[in-house]
Amino acid sequence: AGRTEHEPRVSVPEDHGRRERARPRAPRDVRVGPARDRIHQGDAVEAGAAVMETEGPELVAAVAMAEAALTQRQQEVDVAEKLFKSGNTAELQLIGQRAALAAAEAQLSQAKARADQLTVRAPFAGVLDTVDVELGEWVQTGTPVATLLSLDPIVIRAEISELDVGNVKVGDTAALRLVDGTEMKGT
């Protein structure tokens with residue numbers, strides 16, 4: 001008399017646990033950049049960690065241009081301060097140079113904020129369940145690019161064979177193997 005066994009199916013219900021789809025925030029269509037090679041299904045991800053980079057060479061160039069402008073404005077302020085101390089320039093010109101420096105700092109902050117939108121970050125710590133895009137693929141803003149699962153708590157629903165129901169009771173310990181190979185136990 002043989003016994004037929006099957007592997008129990010385990011799923012995480014949509015209404016339990018935390019599951020979130022990562023989406024690009026850049027205000028236009030973007031292309032998945034080289035950082036995509038660093039993440040894989042099953043990878044553990046810390047909250048705030050870069051999950052994916054999208055390409056945006058014009059935004060990166062805007063940061064470089066803003067940095068150059070800031071350097072130039074800082075040098076102009078240094079020269080204006082020296083001239084003012086020696087009595088060779090008016091205070092109004094020094095004030096104007098300082099205002100231009102402050103404006104350059106603000107432009108750099110804006111450029112960095114826009115460039116930061118190219119990075120899709122994990123909103124919480126978890127495990128990457130799926131990565132839905134490939135390197136070089138074009139995606140629209142709001143298109144899901146990855147699914148991140150929270151591991152605190154993990155709610156599991158499993159089906160058990162009729163033959164095994166008598167061997168299982170509420171509160172029994174169960175073993176679980178995650179996609180990354182991590183083994184966990186719980187009740």
Side-chain angles (χ1 to χ4, degrees), residues 17-152 178-180 182:
R18 189 164 176 197
R19 177 184 184 105
E20 189 162 317
R21 304 283 286 174
R23 302 167 194 273
R25 298 175 295 141
R28 58 188 176 66
D29 290 356
V30 293
R31 191 170 135 180
V32 178
R36 160 61 181 94
D37 290 340
R38 295 186 302 202
I39 62 166
H40 305 324
Q41 180 179 6
D43 285 355
V45 178
E46 295 298 321
V51 173
M52 188 168 298
E53 300 277 334
T54 54
E55 291 181 352
E58 71 284 357
L59 296 179
V60 174
V63 170
M65 288 174 52
E67 287 172 340
L70 179 61
T71 300
Q72 180 181 351
R73 297 296 174 250
Q74 182 61 57
Q75 291 171 347
E76 290 170 354
V77 166
D78 292 345
V79 170
E81 286 176 344
K82 287 179 185 175
L83 290 173
F84 178 72
K85 286 180 184 175
S86 67
N88 293 320
T89 192
E91 184 177 9
L92 188 57
Q93 287 181 321
L94 177 58
I95 291 170
Q97 293 297 331
R98 287 179 178 160
L101 176 61
E105 289 171 342
Q107 287 176 339
L108 178 58
S109 292
Q110 284 180 333
K112 284 182 175 180
R114 284 191 302 273
D116 188 52
Q117 290 182 339
L118 295 174
T119 303
V120 178
R121 298 193 180 280
F124 54 85
V127 172
L128 280 173
D129 182 39
T130 60
V131 178
D132 304 322
V133 294
E134 297 295 325
L135 177 63
E137 183 176 343
W138 284 90
V139 294
Q140 293 181 343
T141 300
T143 301
V145 294
T147 303
L148 182 64
L149 301 176
S150 173
L151 297 182
D152 186 21
L178 302 176
V179 248
D180 68 354
T182 303

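If you read the sequence from its start, that first residue is 1, and numbering goes on from there. Worth knowing before you read on, the calculation uses all heavy atoms, side chains too, and leaves out hydrogens, waters and symmetry mates. None of these values were measured; they are calculated from a predicted model.
Annotation: salt bridge (Lys or Arg N to Asp or Glu O under 4.0 Å) contacts involving residues 139-149, sequence neighbours excluded, are absent.
The nearest pair of heavy atoms linking Thr119 to Ala50 is CG2-CB, 3.6 Å.
Residues satisfying the side chain to side chain contact (heavy atoms under 4.5 Å, CB included) criterion with Ser109, sequence neighbours excluded, are absent altogether. Among residues two or more places apart in sequence or in another chain, the side chain to side chain donor-acceptor pair (under 3.5 Å) test is passed with Gln72 by Glu76. Contacts of Ala122 classified as side chain to side chain contact (heavy atoms under 4.5 Å, CB included), with partners at least two apart in sequence or in another chain: Val45, Val51, Leu148. Take Gln74 and apply the side chain to side chain donor-acceptor pair (under 3.5 Å) test, not counting sequence neighbours, and it matches Asp78.
Residues Gln75 and Thr71 have side chains in contact (heavy-atom distance under 4.5 Å, counting atoms from C-beta outward).
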Throw together a table of side-chain donor-acceptor distances under 3.5 angstrom for residues 92-108, partners on residues two or more places apart or in other chains.
| residue | atom | partner | partner atom | Å |
| --- | --- | --- | --- | --- |
| Gln93 | OE1 | Thr89 | OG1 | 2.3 |
| Arg98 | NH2 | Glu81 | OE2 | 3.1 |

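Within the 3.5 Å criterion, the main-chain N or O of Asp129 finds a donor-acceptor partner in the side chain of Gln41.
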